Protein chains: 2
Amino acid sequence: MARVGLTKELVVLAAAEIADRDGLDALTLAALAAALGVKTPSLYAHLGGLDDLRLRLAALAAAQLGDVLAPAAAGLSRGEALREIGHVYRQWANEHPGLYAALQPASPAREPAAEQVLALVLAVLRGYGLEGDQAIHAARTVRAALHGFVTLEAQGGFGIPVDLGDSFAWMLAALDRGLASA
Amino acid sequence: MARVGLTKELVVLAAAEIADRDGLDALTLAALAAALGVKTPSLYAHLGGLDDLRLRLAALAAAQLGDVLAPAAAGLSRGEALREIGHVYRQWANEHPGLYAALQPASPAREPAAEQVLALVLAVLRGYGLEGDQAIHAARTVRAALHGFVTLEAQGGFGIPVDLGDSFAWMLAALDRGLASA
DNA sequence: AGCCACTTCCTACGGCTCTTAGGTTAGCGC
DNA sequence: GCGCTAACCTAAGAGCCGTAGGAAGTGGCT
């Protein structure tokens with residue numbers, strides 16, 4: 001019985017790879033164990049089970065997204081910052097569909113990263129002169145638009161053959177105008 | 001063996017009720033059969049299986065959403081029409097979380113209703129002077145914002161204790177300004 | 001009325017999922 | 001070299017979807 005030498009980190013990374021390649025639904029403990037060259041019950045030495053795996057995946061995703069987003073708006077303001085954050089957000093989501101999907105049911109595991117992103121967005125919104133409740137409304141607006149677009153795109157929800165990148169850029173420009181005139 | 005007298009319609013309606021009450025994930029053939037007072041395999045007389053049930057649910061959801069949305073913007077234009085459509089959309093989604101979720105993986109089953117909704121939105125956008133590709137970009141923007149907000153709301157994705165209705169109204173107003181200045 | 005055919009509904013089963021319980025063995029520290 | 005930890009295993013159970021094949025209620029036809 002040659003030991004594989006798994007660690008929690010290796011297991012979660014392998015899970016992320018499966019989720020991104022085959023979809024989050026294809027991430028089963030059986031598939032994960034097979035990918036690691038191990039029998040399914042052996043995973044319970046490293047994980048608390050499927051729910052625990054999903055939480056760890058969500059935490060990993062939140063951390064990664066936070067890391068790519070953090071430097072995106074450095075030195076930019078208003079429209080430029082919004083556009084940059086938007087494009088980085090969309091690109092990361094497109095490159096990591098499984099991880100992005102794992103982010104979905106809001107869980108405590110991703111709370112810290114969520115607050116990091118929120119702070120980042122609020123900083124940009126201050127450039128628009130938005131504070132207090134206004135800033136919260138605006139942050140939710142931006143988040144809803146980004147999340148909605150990326151989600152619909154991932155699910156093939158946009159049927160019409162008009163370039164999605166153009167539409168995304170158009171949306172960010174419209175958001176910029178909407179925020180600027182608040 | 002008293003017969004229950006099921007029909008495809010009754011089965012799908014019962015499924016919709018379970019999905020809305022307990023969540024789409026809780027909609028299993030076993031749960032559906034139990035709710036109908038029948039054993040699981042009996043459902044196969046009315047359905048092709050779980051995938052088929054999900055498609056039928058998506059078709060039902062698309063039809064319902066189209067029906068409530070169609071008269072929403074009658075006699076209104078621009079900002080008022082957008083606000084009305086938005087509120088009806090959100091209200092329906094909040095009242096039917098299971099059906100709304102069933103709409104998710106874009107399937108051929110909901111195509112007709114999707115086109116109906118698209119035509120409705122495009123009509124409103126004409127009020128903003130948007131045509132051709134511009135109108136497509138704008139329609140995608142509106143859809144992304146609505147879908148994103150409603151989805152995040154359903155998942156408890158908005159943590160901060162600021163009124164969600166206010167945020168939604170703010171988003172619709174921001175969209176209106178963004179579209180008006182396109 | 002009586003019978004036939006249809007369709008609903010059933011039991012039984014196989015394969016997949018996650019999960020727990022308990023035993024074996026590899027490899028590190030003493 | 002020996003023992004302890006933990007990584008890994010087999011075995012088993014509950015729940016899921018889906019298929020196969022049989023029994024029974026219901027409507028139509030003679």
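Lettering follows sequence order; numbering is per chain, from 1. Quick caveat: nothing in here was measured; it's all calculated off a predicted structure.
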- Query: Which residues, if any, of residues 10-31 of chain B bring a heavy atom under 4.0 Å of DNA chain D?
  - Reply: B/Thr28, B/Leu29, B/Ala30
- Query: Is any side-chain N or O of A/His46 closer than 4.0 Å to OP1 or OP2 of D/dA6?
  - Reply: no
- Task: Indicate whether any N or O donor in one side chain lies under 3.5 Å from an N or O acceptor in the other, for A/Asp176 and A/Tyr128.
- Result: yes
- Query: Would the number of heavy atoms belonging to other residues, nucleotides or ligands and lying under 6.0 Å from CD of A/Glu17 be above 12?
  - Reply: no
- Distance below 4.0 Å between B/Ser42 side-chain N/O and C/dT8 OP1 or OP2: no
- Query: Hey, does B/Thr40 reach any base, or is it just sugar-phosphate, or nothing, if we go heavy atoms under 4.0 Å?
  - Reply: nothing
- To the nearest 0.5 Å, what is the distance between CG (B/Leu122) and CD (B/Glu115)? 11.0 Å
- Item | For atom CG of A/Leu50 and atom P of C/dC18, their distance in whole Å | 6 Å
- Message: In whole Å, I'd like the distance from the CG atom of A/Leu43 to the C1' atom of C/dT17.
- Response: 13 Å
- With B/Glu95 via side chain to side chain contact (heavy atoms under 4.5 Å, CB included) - residues at least two apart: B/Gln91
- Report the distance from atom CG of A/Leu36 to atom P of D/dA7, rounded to the nearest whole Å. 14 Å
- Message: Rounding to an integer number of Å, can you tell me how far B/Leu47 CG sits from C/dT7 C1'?
- Response: 15 Å
- Item | Nearest-Å distance for atom pair NZ/P, residues B/Lys39 and C/dC9 | 13 Å
- Taking D/dA11, C/dC9, D/dC8 as options, the one with an atom nearest any side-chain atom of A/Val38 is D/dC8
- Task: List the atom of B/Val124, the atom of B/Arg78, and the distance in Å for their closest heavy-atom pair.
- Result: CG1-O, 4.3 Å
- Rounded to whole Å, OH of B/Tyr44 lies from C1' of C/dG14 at a distance of 13 Å
- Task: Might you point out which heavy atoms bring A/Val117 and A/Gly66 nearest each other, and give the distance in Å?
- Result: CG2-CA, 4.3 Å
- Note on the structure: Rounded to whole Å, the CZ-C1' distance (A/Arg54 to C/dC18) equals 10 Å
- Task: Grab the CG-C1' distance between A/Leu32 and C/dC18 for me, whole Å please.
- Result: 13 Å
- Query: Rounded to the nearest 0.5 Å, what separation is found between the CG atom of B/Leu65 and the CD atom of B/Gln116?
  - Reply: 9.0 Å
